[in-house]
Amino acid sequence: METNKTFTIIKPDAFKKKYSGAIIKQIEDSGFQITNMKLISLTKELAEKFYSIHKEKPFFTNLCEYMCSGPIIVMSLKKDNAVEDFRKLIGSTDPEKAEEGTIRKLYATSIEANAIHGSDSDDNAKIESDFFFKS
Ligand code: IDP
Ligand code: MG
């Protein structure tokens, strides 16, 4: 399994607030290369499929609704140690717990509307990137 790839989504809250440019700059300045990128809107079916691992969680329905609430930017990224380094760059799921300078600390609205997604493993980076970029 490759360790130099990850996958990210600029979520609807951040896109709506026009943070996409600043977030992409921070990602590139941190050494990540964008290898694929597109602006899309999710359907309920796609959101539920993407987040199916969380389907038993109490926040699942709201999460899927929120992810369909506006355009998102999906990107595949390349860098050594991509998954771990990117999770560090975005910070904790809850922006109130995220470290200073992380993308979620800077741009998130709430624990749900937390500005950005980052894959949590090399396996999921491939699955998630293929989900959006292989038809
Ligand atoms: P992650 O995005 O940091 O990997 P996960 O636990 O995988 O966090 O959760 C996926 C997404 O679900 C989060 O990014 C956030 O948008 C939402 N979420 C996670 N936990 C909560 C919660 O306790 N309340 C509401 N939404 C949540
Ligand atoms: Mg996750």
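Just so you know, ligand 1 is whichever comes first in the structure, and atom 1 is the first atom listed for that ligand. These values consider heavy atoms only, across backbone and side chains, with no hydrogens, waters or symmetry-generated copies.
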Donor-acceptor pairs under 3.5 Å, side chain of residues 53-67 to any protein atom, not counting sequence neighbours: which ones?
| unit_1 | atom_1 | unit_2 | atom_2 | d |
| --- | --- | --- | --- | --- |
| His54 | ND1 | Lys57 | NZ | 2.8 |
| Tyr66 | OH | Asp13 | OD1 | 2.4 |

Please step through salt bridge (Lys or Arg N to Asp or Glu O under 4.0 Å) for the pair Arg87 and Asp120, ending with a clear verdict. CA-CA 7 Å; Arg87 293 291 303 200; Asp120 62 7; 5.6 Å; no

Taking 4.0 Å as the limit for heavy-atom contacts, which would you say applies to Ile111 with ligand 1: side chain only, backbone only, both, or neither? both

May I ask you to check if ligand 1 and Tyr51 share an N or O to N or O distance below 3.5 Å? no

Taking 4.0 angstrom as the limit, do Glu45 and Lys49 come out as a salt bridge? no

When you measure from atom 16 (O) of ligand 1 to every protein heavy atom, which one gives the shortest distance, and what is it? Glu112 O, 2.7 Å

Please confirm whether Tyr66 comes within less than 3.5 Å of ligand 1 when only nitrogen or oxygen atoms on both sides are compared. no

Any chance NZ of Lys25 has more than 12 other-residue heavy atoms, nucleotides or ligands included, within less than 6.0 Å? no

Under a 4.0 Å threshold between the charged nitrogen and the carboxylate oxygen, would Asp130 count as salt-bridged to Lys126? yes

Nearest option to atom 2 (O) of ligand 1, as decided by whichever heavy atom of Arg104, His54, His117 sits closest: Arg104

Spacing of Lys11 atom NZ and Thr109 atom OG1 [to the nearest 0.5 Å]: 10.5 Å

Ranking Asn124, Asn114, Asp120, Ile9 by closest non-hydrogen atom to atom 13 (C) of ligand 1, top hit is Asn114

In the protein, which heavy atom is nearest to atom 17 (C) of ligand 1, and how far is it? Leu63 CD1, 3.8 Å

Can a donor-acceptor pair be found between the side chains of Asp29 and Gln26 at a distance below 3.5 Å? no

Count the heavy atoms of every other residue, nucleotide or ligand shown that sit under 6.0 Å from NZ of Lys97, and state whether that count exceeds 12. no

I'd like to know if Lys11 contacts ligand 1, where contact means a heavy-atom distance under 4.0 Å to any ligand atom. yes

Check this for me - ligand 1, Arg87, N or O atoms closer than 3.5 angstrom, yes or no? yes

Tell me, which protein residue and heavy-atom name are nearest atom 20 (N) of ligand 1, and how many Å apart are they? Phe59 CE2, 3.4 Å

What protein heavy atom is closest to atom 3 (O) of ligand 1, reported as residue, atom name and distance in Å? Thr93 OG1, 2.5 Å

